[in-house]
Amino acid sequence: MLLEAIYHQPKSQYAYAYDHETLHIRVRTKKDDMDRVSVVWGDKYDFHEETIRTSAMHVFARDTMFDYYEVEIKPPFRRFAYAFKFKKGDRTVFWNETGFKEDSLHSGGVGMLWSPSGMFEFPFLNTIDVFTPPEWVKDAVFYQIFPERFANGDESLNPPGTEAWTPDAVPTRDNFFGGDLQGVIDKLDYLEELGVTCIYFTPFFEAFSNHKYDTIDYLKVDPQFGDNETAKRLVDEAHARGIRVMLDAVFNHSGYYFPPFQDVLKNGEKSRFRDWFHIRDYPLADDPLNYDTFGFVAQMPKLNTEHPEVKAYLLEVARYWVEDIGADGWRLDVANEVDHCFWREFRDTVKKANPDAYILGEIWHNSLAWLGGDQFDAVMNYPVTNAILDFFVKEEIDAAHFMGRLDAMLISYPRQANEAAFNLLDSHDTPRLLSIAEGNKERMKLAALFQLTYMGAPCIYYGDEVGMDGGADPGCRRPMVWEEEHQDQELLSFYQTLISLRRSHRALRDGSFRFLSAESGSSVTAYERSDDMSRFVIAANAGTKQEKIELNGLGQGTFRSLEDDTLYELKKGKLTITLEPLQAVVLKEQ
């Protein structure tokens with residue numbers, strides 16, 4: 001045993017409440033280092049040899065260096081004192097807060113009342129502290145819309161110089177094509193037929209640019225898109241079709257033409273809004289910048305969210321669009337650069353307006369600090385995005401590294417955060433999926449298949465489903481292609497079929513997930529999704545030659561291919577699958 005590799009932290013993603021009666025307990029060990037791992041536990045006020053219990057743990061995630069064990073416990077009185085028991089061969093080691101001890105559990109010193117000394121503890125499972133993202137998110141299929149580029153429903157709103165909406169239109173950072181909210185309303189039937197259950201809008205508030213991340217008025221729809229009444233009608237008509245709406249909150253920074261910032265430009269230190277921003281010197285200058293901004297973009301001054309007036313204004317924005325207009329959630333732009341105190345008050349405000357609203361942070365790295373149940377429900381899951389792209393599309397990692405990177409995210413957060421994670425493959429901030437795949441539609445489909453059969457909520461960037469391509473911004477922001485003769489109808493059917501399959505089977509949404517094959521040096525991966533109603537085995541070959549894999553430990557039964565109805569018989573718990581280059585199979589148990 002390599003005891004130095006063992007790790008656990010109480011009251012963290014290693015020990016947390018999953019619901020009002022259930023704890024998840026995890027521990028890390030060196031990879032392939034243990035025969036058995038158990039948790040020894042009891043009530044902290046009744047922790048005696050005759051009352052403590054031992055529960056076996058199982059490996060639920062692993063990476064290139066470690067195994068991660070987990071067990072689910074329901075403590076009868078919601079109090080939980082515990083230690084770990086490790087076995088390898090004839091050796092047994094116990095571990096608690098006092099350290100490691102061979103063969104027997106160490107407890108000594110002074111404890112409160114009848115409680116043991118030195119045990120790890122989850123002192124009490126308080127219901128109000130349980131991290132509970134909205135249940136609907138696990139079932140959601142998101143669709144990201146860039147409002148200026150999705151559909152033009154009211155040409156009277158077109159800004160001066162609006163360019164023609166054609167399949168070969170060329171987007172730039174500054175041009176306009178006339179997309180608006182009425183255009184989205186007109187296309188809601190299309191989204192319903194595709195199977196979308198929630199629209200994620202990039203900002204549609206009044207702003208100067210075509211992307212609208214430089215807000216002028218947070219409480220007003222940009223006149224190029226319509227008005228607040230149109231936004232309310234859009235939300236109501238989407239809801240009538242079972243489609244929710246998530247808006248984009250740009251609270252890290254405002255736009256250059258935001259009236260309070262214009263007042264500071266005009267009045268300098270005498271402006272009553274000077275403390276709304278982070279200003280180092282007067283007069284304001286952009287060369288060199290003497291005020292904080294998003295990145296180094298002078299047109300996007302950073303807001304001081306610690307200022308009471310700024311906070312009050314932005315929290316009213318958060319309330320208004322959820323409570324008065326009916327939006328179902330917020331995506332939070334540059335979320336990791338805003339103070340945690342603000343996000344805690346933001347959560348209280350939004351959840352008061354709608355307890356079922358979804359709060360999603362834009363963070364591109366490990367985000368545990370925001371996922372304790374007091375700030376965000378989930379984050380944009382870019383580490384998973386990059387793992388999927390690196391394995392299925394770019395051929396930069398093998399199956400073992402792919403599994404390790406996904407499992408690293410599973411251990412990074414509580415399970416409920418992973419179940420509500422926002423899984424995207426591209427967006428307005430990245431090249432389009434088909435372009436990342438260099439036009440290889442089969443690689444694109446492998447990535448989308450995994451995304452739509454993995455845990456968390458998948459998001460499709462508008463137009464991917466009909467074969468739109470495009471490089472980095474602004475290339476990824478072309479107007480939506482609506483002429484059927486310019487759409488890839490086969491790809492559209494592929495997306496519709498997969499979305500329908502996901503929505504029809506809970507196993508593919510929040511069922512259990514486990515890798516069945518992910519070998520070092522291999523381009524093939526296989527995994528199982530299951531619940532008490534159905535079981536799926538999905539295998540995919542990201543390589544360029546035929547592969548044959550043998551999957552073990554599947555018990556008894558027969559699987560059927562959903563593509564061609566081929567039957568696969570389990571023989572002694574084994575399943576053999578032959579995969580052509582860039583082929584995937586989805587098998588459902590009969």
Visitor: Let me know which of E155, R233, K187 forms a side-chain hydrogen bond (donor to acceptor under 3.5 Å, both in side chains) with Q182.
Guide: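 Testing Q182 for a side-chain hydrogen bond (donor to acceptor under 3.5 Å, both in side chains) against E155, R233, K187 leaves exactly one candidate, R233.
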
Visitor: For a quick check under 3.5 Å, do N366 and S412 share a side-chain donor-acceptor pair by atom type?
Guide: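 The criterion, which ignores hydrogens and geometry beyond distance, is satisfied for S412 and N366.
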
Visitor: Anything under 30° is parallel, anything over 60° is perpendicular, the rest tilted; go ahead and classify F450 against Y527.
Guide: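 Ring orientation of F450 relative to Y527: perpendicular.
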
Visitor: Among I388, L389, L424, I460, find the one that has a side chain to side chain contact (heavy atoms under 4.5 Å, CB included) with L433.
Guide: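 Exactly one pass, corresponding to L389.
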
Visitor: What class does the angle between the rings of W276 and F273 fall in, given that below 30° is parallel, 30 to 60° is tilted and above 60° is perpendicular?
Guide: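 Plane angle over 60°, so perpendicular.
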
Visitor: Could you report the tightest heavy-atom contact between A335 and W343, atom names first, then the distance?
Guide: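 Heavy atoms of A335 and W343 come nearest at O-NE1, 2.9 Å.
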
Visitor: Measuring centre to centre across the rings, with the benzene-like ring taken for any Trp, is F402 within less than 6.0 Å of F391?
Guide: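 Judged by ring-centre distance (under 6.0 Å), F402 and F391 do meet the cut-off.
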
Visitor: Tell me if the CD atom of E563 is crowded by more than 12 foreign heavy atoms within 6.0 Å.
Guide: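 No.
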
Visitor: Is any side-chain heavy atom of Y256 closer than 4.5 Å to one of F208?
Guide: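 No. Closest side-chain heavy atoms not under 4.5 Å.
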
Visitor: Assign the ring pair Y454 / F513 to parallel, tilted or perpendicular, where the plane angle (0 to 90°) is split at 30° and 60°.
Guide: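 Perpendicular.
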
Visitor: Is the centre of the Y218 ring less than 6.0 Å from the centre of the F258 ring?
Guide: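 Yes, close enough.
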
Visitor: Is a side-chain donor-acceptor pair under 3.5 Å present for N228 with K220?
Guide: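 Side chains of K220 and N228: no pair found under 3.5 Å.
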
Visitor: Indicate yes or no: at least one non-hydrogen side-chain atom of Y213 is less than 4.5 angstrom from one of M300.
Guide: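 With C-beta onward as the side chain, the pair touches.
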
Visitor: Using a distance-only test with no angle check, is there a side-chain donor-acceptor pair under 3.5 angstrom linking E465 and Y143?
Guide: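 Yes, side-chain donor-acceptor contact under 3.5 Å.
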
Visitor: When the aromatic ring centroids of Y462 and H428 are compared, is their separation below 6.0 Å?
Guide: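 No, too far apart.
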
Visitor: Could you measure the distance from the CZ atom of F515 to the CD atom of E528? Nearest 0.5 Å is fine.
Guide: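 One gets 12.5 Å once the value is rounded to the nearest 0.5 Å.
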
Visitor: Which atom names give the shortest non-hydrogen contact between A369 and Q375, and what distance separates them?
Guide: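 Closest pair (atom of A369, atom of Q375, distance): O-NE2, 3.2 Å.
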
Visitor: Distance-only, no hydrogens or angles: does the D180 side chain make a donor-acceptor pair with backbone N or O of N152 under 3.5 Å?
Guide: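 Looks like no, no N/O pair under 3.5 Å.
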
Visitor: Does the N336 side chain pair with the main chain of I363, one donor and one acceptor, at a distance under 3.5 Å?
Guide: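 No; judged by distance alone, with no hydrogens or angles, the pair does not exist.
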
Visitor: Measure the shortest side-chain to side-chain distance between T566 and R560 over non-hydrogen atoms and say whether it is less than 4.5 angstrom.
Guide: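 Not in contact.
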
Visitor: I'd like to know whether F225 forms a side-chain contact (heavy atoms from CB on, under 4.5 Å) with E148, so could you lay out the CA-CA distance, the side-chain angles of the two residues, the decisive distance to 0.1 Å, and finally the verdict.
Guide: CA-CA 8 Å; F225 294 157; E148 217 284 317; 4.0 Å; yes

Visitor: Please report the closest heavy-atom contact between A231 and V221, naming both atoms and the distance.
Guide: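 Closest heavy-atom pair between A231 and V221: CB-CG2, 3.8 Å.
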
Visitor: Could you walk me through whether Y200 and I145 pass the side-chain contact (heavy atoms from CB on, under 4.5 Å) check?
Guide: CA-CA 6 Å; Y200 154 40; I145 289 178; over 6 Å; no

Visitor: Using modelled atom types only, decide if a donor and an acceptor are shared between the side chain of W364 and the backbone of N381 within a distance under 3.5 Å.
Guide: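 Not at all, since once roles are kept as given, no pair shorter than 3.5 Å links the two residues.
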
Visitor: Working note: E362 + L332, criterion side-chain contact (heavy atoms from CB on, under 4.5 Å); need CA distance, chi angles, decisive distance, verdict.
Guide: CA-CA 6 Å; E362 184 213 14; L332 310 173; 6.0 Å; no

Visitor: What do the steps show when you test K212 against D248 for salt bridge (charged side-chain N to carboxylate O under 4.0 Å, His left out), and what is the final call?
Guide: CA-CA 10 Å; K212 308 302 179 188; D248 208 323; over 6 Å; no

Visitor: Within 45 degrees of the axis of the six-membered ring of F494 and under 6.0 Å from its centre: does K445 put its NZ or CZ there?
Guide: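 Yes, a cation-pi geometry.
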
Visitor: Does S209 form a side-chain hydrogen bond (donor to acceptor under 3.5 Å, both in side chains) with D214? I'd like the steps, not just the answer.
Guide: CA-CA 7 Å; S209 67; D214 51 345; 2.7 Å; yes

Visitor: Please step through side-chain hydrogen bond (donor to acceptor under 3.5 Å, both in side chains) for the pair D328 and H239, ending with a clear verdict.
Guide: CA-CA 10 Å; D328 301 281; H239 286 174; 2.7 Å; yes

Visitor: Any side-chain heavy-atom pair from W136 and D139 closer than 4.5 angstrom?
Guide: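 A side-chain contact under 4.5 Å is absent here.
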
Visitor: Would a distance-only check, ignoring hydrogens and angles, find a side-chain to backbone donor-acceptor pair under 3.5 Å from H505 to A507?
Guide: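 Here the side-chain-to-backbone pair does not exist.
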
Visitor: Donor-acceptor pair, distance only, cut-off 3.5 Å: does the side chain of R477 make one with the backbone of D473?
Guide: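 Not a single qualifying donor-acceptor pair exists.
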
Visitor: Do V393 and E438 touch side chain to side chain, with heavy atoms closer than 4.5 Å?
Guide: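 Result no, sub-4.5 Å side-chain heavy-atom pair not found.
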
Visitor: Does the Y291 side chain pair with the main chain of D286, one donor and one acceptor, at a distance under 3.5 Å?
Guide: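 Not a single qualifying donor-acceptor pair exists.
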
Visitor: Do the side chain of E192 and the main chain of Y190 share a donor and acceptor less than 3.5 angstrom apart?
Guide: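 The answer is no, because no donor-acceptor pair under 3.5 Å joins these two groups.
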
Visitor: Please check: side-chain N/O of R443 versus main-chain N/O of A542, any donor-acceptor pairing under 3.5 Å?
Guide: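 Checked: pair present.
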
Visitor: Is R405 paired with D390 through a side-chain N to carboxylate O contact shorter than 4.0 Å?
Guide: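 Salt bridge: yes.
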
Visitor: Determine whether I549 and L516 satisfy the following criterion, side-chain contact (heavy atoms from CB on, under 4.5 Å), listing intermediate values before the conclusion.
Guide: CA-CA 10 Å; I549 59 169; L516 301 172; over 6 Å; no

Visitor: Is the ring pair F150/W482 parallel, tilted or perpendicular, if the boundaries are 30 and 60 degrees?
Guide: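 If you compare the ring of F150 with that of W482, the planes turn out perpendicular.
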
Visitor: Could you tell me whether the side chain of R432 and the main chain of M468 form a donor-acceptor pair under 3.5 Å?
Guide: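 Pair absent, no side-chain N/O of R432 close to backbone of M468.
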
Visitor: Would you check if V537 and Y568 make a side-chain contact, meaning some heavy-atom pair closer than 4.5 Å?
Guide: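 V537 vs Y568: side chains apart.
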
Visitor: Checking N541 side chain against K545 main chain: does a donor-acceptor pair fall under 3.5 Å?
Guide: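 It does hold such a pair.
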
Visitor: Are there over 12 heavy-atom neighbours, none belonging to E135, within less than 6.0 Å of that residue's CD?
Guide: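 No - once you tally the heavy atoms of other residues, nucleotides and ligands closer than 6.0 Å, there are 12 at most.
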
Visitor: State, with a plain yes or no, whether a side-chain heavy atom of Q583 is found less than 4.5 Å away from one of Q546.
Guide: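 No, their side chains stay 4.5 Å or more apart.
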
Visitor: Going by atom types only, do T166 and D168 share a side-chain donor-acceptor pair under 3.5 Å?
Guide: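 Yes, because at least one side-chain N or O of T166 sits under 3.5 Å from a partner of the opposite role on D168.
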
Visitor: Just verifying a value: how many Å separate T202 OG1 and Q144 CD, rounded to the nearest 0.5 Å?
Guide: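 Nearest 0.5 Å value for the OG1-CD distance: 6.0 Å.
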
Visitor: If you take all heavy atoms of R502 and L508, which pair is closest and at what distance?
Guide: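 So the two residues come closest at NH1-O, 3.1 Å.
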
Visitor: Compare every heavy atom of A357 with every heavy atom of P134, then report the nearest pair and how far apart it is.
Guide: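 It is CG-O, 3.3 Å.
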
Visitor: Has E193 got more than 12 heavy atoms of other residues, nucleotides or ligands less than 6.0 Å from its CD?
Guide: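 Atom CD in E193 is not packed in, count stays at 12 or less.
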
Visitor: Roughly how far, to the nearest 0.5 Å, is CZ of F146 from CE of M480?
Guide: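 Reported value, rounded in 0.5 Å steps: 15.0 Å.
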
Visitor: For the residue pair Y358 and F142, does the interplanar ring angle fall in the parallel (under 30°), tilted (30 to 60°) or perpendicular (over 60°) class?
Guide: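 The rings of Y358 and F142 sit tilted, inter-plane angle from 30° to 60°.
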
Visitor: Do other residues, nucleotides or ligands put more than 12 heavy atoms under 6.0 Å from E442 CD?
Guide: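 Enclosed: over 12 neighbouring heavy atoms sit under 6.0 Å from CD of E442.
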
Visitor: Does one side chain, of T305 or D339, offer a donor that lies under 3.5 Å from an acceptor on the other?
Guide: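 D339 and T305 do have a side-chain donor-acceptor pair below 3.5 Å.
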
Visitor: Under 4.5 Å between any side-chain heavy atoms of F205 and D222, yes or no?
Guide: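 No - every pair of side-chain heavy atoms lies 4.5 Å or more apart.
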
Visitor: Run the salt-bridge test on K232 and D324 with the 4.0 Å N-O cut-off and return the result as yes or no.
Guide: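 Result for this pair is no, no salt bridge flagged.
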
Visitor: Does either side chain, that of D292 or that of H253, offer a donor lying less than 3.5 Å from an acceptor on the other one?
Guide: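 The criterion, which ignores hydrogens and geometry beyond distance, is not satisfied for H253 and D292.
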
Visitor: How close do I243 and L188 get, counting heavy atoms only, and between which atoms?
Guide: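 For I243 versus L188, the nearest heavy atoms are CD1-O, 4.3 Å.
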
